[in-house]
2 protein chains.
Amino acid sequence: MTAPSTKANPPAARRRRKNDPESVRADILAVATREFSEKGLSGARIDEIAEKTRASKRMIYYYFNDKETLYLHTLEAAYQKVRLQEAELDLDHLAPFEALSRLVRFTFCHHAKNPDFIRLVMIENIHHGRFLAQSELIQSLNAGVIDVLTNVYIRGVEEGCFREGLDPRELHWLISALSFFNVSNQHTFSRIFDWHQAAPENQQKLEEHVTEMVLRYVRPE
Amino acid sequence: MTAPSTKANPPAARRRRKNDPESVRADILAVATREFSEKGLSGARIDEIAEKTRASKRMIYYYFNDKETLYLHTLEAAYQKVRLQEAELDLDHLAPFEALSRLVRFTFCHHAKNPDFIRLVMIENIHHGRFLAQSELIQSLNAGVIDVLTNVYIRGVEEGCFREGLDPRELHWLISALSFFNVSNQHTFSRIFDWHQAAPENQQKLEEHVTEMVLRYVRPE
DNA sequence: GACTGAACGTACCATTTCGTACATTGTTGC
DNA sequence: GCAACAATGTACGAAATGGTACGTTCAGTC
């Protein structure tokens, strides 16, 4: 805390040779995130991560014990980042219908803008969620995610603009499914149906469809 | 064609020593499907596939040239199997609303019953659909999938029970998204929200929700 | 300014892993 | 029956890969 020598530090004239643990750790984690999300746990190579890092392979094993631990930290960091962004959403001042619409659009766009995160979750599912299960951090992080949606939903039911009997957790499932699939299966879907799904105009359309779908689903009838 | 000595063939008293190419090939493909879908392209090991096969590693390289080609054949076989099952669906004799409902439920259940296929598609997406792009077979197989849905949709619009202006391809996207996610993200979702998603009663509920969601989406209003 | 532990670099090892060389056995056409 | 080719078994090689041993430098403390 005393030392102001954070990362981007050519402070004095000639650069002090080294020792910047926090930055090295962060750098490794950033590179690992790219590599794991791109190639998976078994596909990523420690040597390649080391090369792309300012640090050396030795440092990877110094800060993270082995490949799997590094992967776990990567996963945890990704979830943390997501939850941080989600926390910025403030829906309480909006009417329920507006709030839900906003939430859906946010989720859709957020996933679209963070393919690394989506891919890590895909990869984690390939591994049967075995690493996620080890992480108390991620479990606790996600506890409150449903709460936001629950509040909106309850308000909506009270005001009569949402129908009763829906489970917020299942509602969250539906929103996640649509937003996740948009990123996770973009490649196969685009190729099979010869449709450039990633194109802005198509993303726009899908966002509309998804929002419309969720809103129609909660509307009383 | 002349030789009736297909696979399960201890035909005469003492079993002929060997040479059953078709069966060997099929066996390798079956094992490879399990291995690749379980561990991914980079995670699967040729040696392990060889061990689990009645054949030897030599045979893998004999029939399929290398690991990636074997993976591609696995992927193609998986898509072929799916399309075969889909072809059994006969929706033309049903009213549009019923037909669509049937289609959604079929897709949902089919995906749920074929996690291997889902996982292969996940893995293929991790690889940016690079292998699928090489396969003319898969491209052609999927050409007609939209047609079924298009027919149902057009009939529905004509009879006034579906609203106009929807794109069948996008409708297919929505149905796929919900059905796919149900399998692909089961592990992470279950663990994070402490909800046994695979439990029959929950699968039942999700099937209802998904169907309801799609039907509500197409209803004119 | 010596001491100590944290931070870091280099070289290396043991295994794993994809793939192949080579020999052998079955099968089919004539 | 015999040539010619398809199918299969065994053993091995070369490179990649996760991980470590060992030594060196940095930074704070007395």
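It should be emphasised that the depicted structure is a prediction, and the values quoted were computed from it without experimental measurement.
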TODO: By nearest nucleotide on DNA chain D, pick out whichever of A:Arg45 and A:Asn65 is the more 5' one.
DONE: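 So the residue in question is A:Arg45.
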Exercise for review: Would you classify B:Phe64 as touching base, sugar-phosphate or nothing, given that sugar-phosphate means primed atoms plus P, OP1 and OP2, and contacts are heavy atoms under 4.0 Å?
Suggested key: nothing
Considering every strand and a 4.0 Å limit on heavy-atom distances, what is the contact class for A:Ala50: base, sugar-phosphate, or nothing?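 Since no nucleic acid heavy atom lies under 4.0 Å of A:Ala50, the category is nothing.
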Taking only N/O atoms, report every protein-nucleotides 11-13 of chain D pair under 3.5 Å with atom names and distance.
none

Q. Taking the nucleotide of DNA chain C with the closest heavy atom to each, which residue, B:Glu48 or A:Ala55, is nearer the 5' end?
A.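 Closest to the 5' end, via its nearest nucleotide, is A:Ala55.
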Next on the checklist: Any donor-acceptor pair under 3.5 Å linking the side-chain atoms of B:Thr188 with those of A:Glu124?
Outcome noted: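 No, because no side-chain N or O of A:Glu124 sits under 3.5 Å from a partner of the opposite role on B:Thr188.
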Taking atom types as modelled, is there a side-chain donor on A:Ser179 or A:Asn182 under 3.5 Å from an acceptor on the other?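 No - no donor-acceptor pair under 3.5 Å links their side chains.
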Whole angstrom value for the distance that separates [atom2] of [N] from [atom1] of [X]:
{"X": "B:Met59", "N": "C:dT24", "atom1": "CE", "atom2": "C1'", "result": "12 Å"}
{"X": "B:Glu68", "N": "C:dC18", "atom1": "CD", "atom2": "C1'", "result": "11 Å"}
{"X": "A:Arg54", "N": "C:dG9", "atom1": "CZ", "atom2": "P", "result": "11 Å"}
{"X": "A:Glu22", "N": "C:dC8", "atom1": "CD", "atom2": "P", "result": "11 Å"}

A:Asp66 has its side chain closest, among D:dG18, C:dC18, D:dG19, to D:dG19
Are OP1 or OP2 of [N] and a side-chain N or O of [X] less than 4.0 angstrom apart?
{"X": "A:Tyr61", "N": "C:dC8", "value": "no"}
{"X": "A:Tyr62", "N": "C:dA7", "value": "yes"}
{"X": "A:Ser56", "N": "C:dG9", "value": "yes"}

Worksheet item: Do B:Glu208 and B:Lys205 sit within salt-bridge range, that is, some charged N less than 4.0 Å from a carboxylate O?
Response: no
| task | Could you tell me whether A:Arg34 and A:Asp116 make a salt bridge, using a distance below 4.0 angstrom between a side-chain N and a carboxylate O? | result |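 No, this pair does not count.
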Please report the interatomic distance NZ(A:Lys81) to CG(A:Leu141), rounded to the nearest 0.5 Å.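 Spacing of NZ (A:Lys81) from CG (A:Leu141) equals 14.5 Å.
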For B:Glu136, I'd like to know if atom CD has over 12 heavy atoms of other residues, nucleotides or ligands within 6.0 Å.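 No - once you tally the heavy atoms of other residues, nucleotides and ligands closer than 6.0 Å, there are 12 at most.
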- Any ring-ring contact (aromatic ring centres under 6.0 Å, His included) involving residues 67-92 of chain A? Give me the pairs, sequence neighbours left out, ordered by first then second residue.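 Checked against ring-ring contact (aromatic ring centres under 6.0 Å, His included) - neighbours excluded - the pairs reaching residues 67-92 of chain A are A:Phe36-A:Tyr71, A:Phe64-A:His73, A:Tyr71-A:Phe131, A:Tyr79-A:Phe117.
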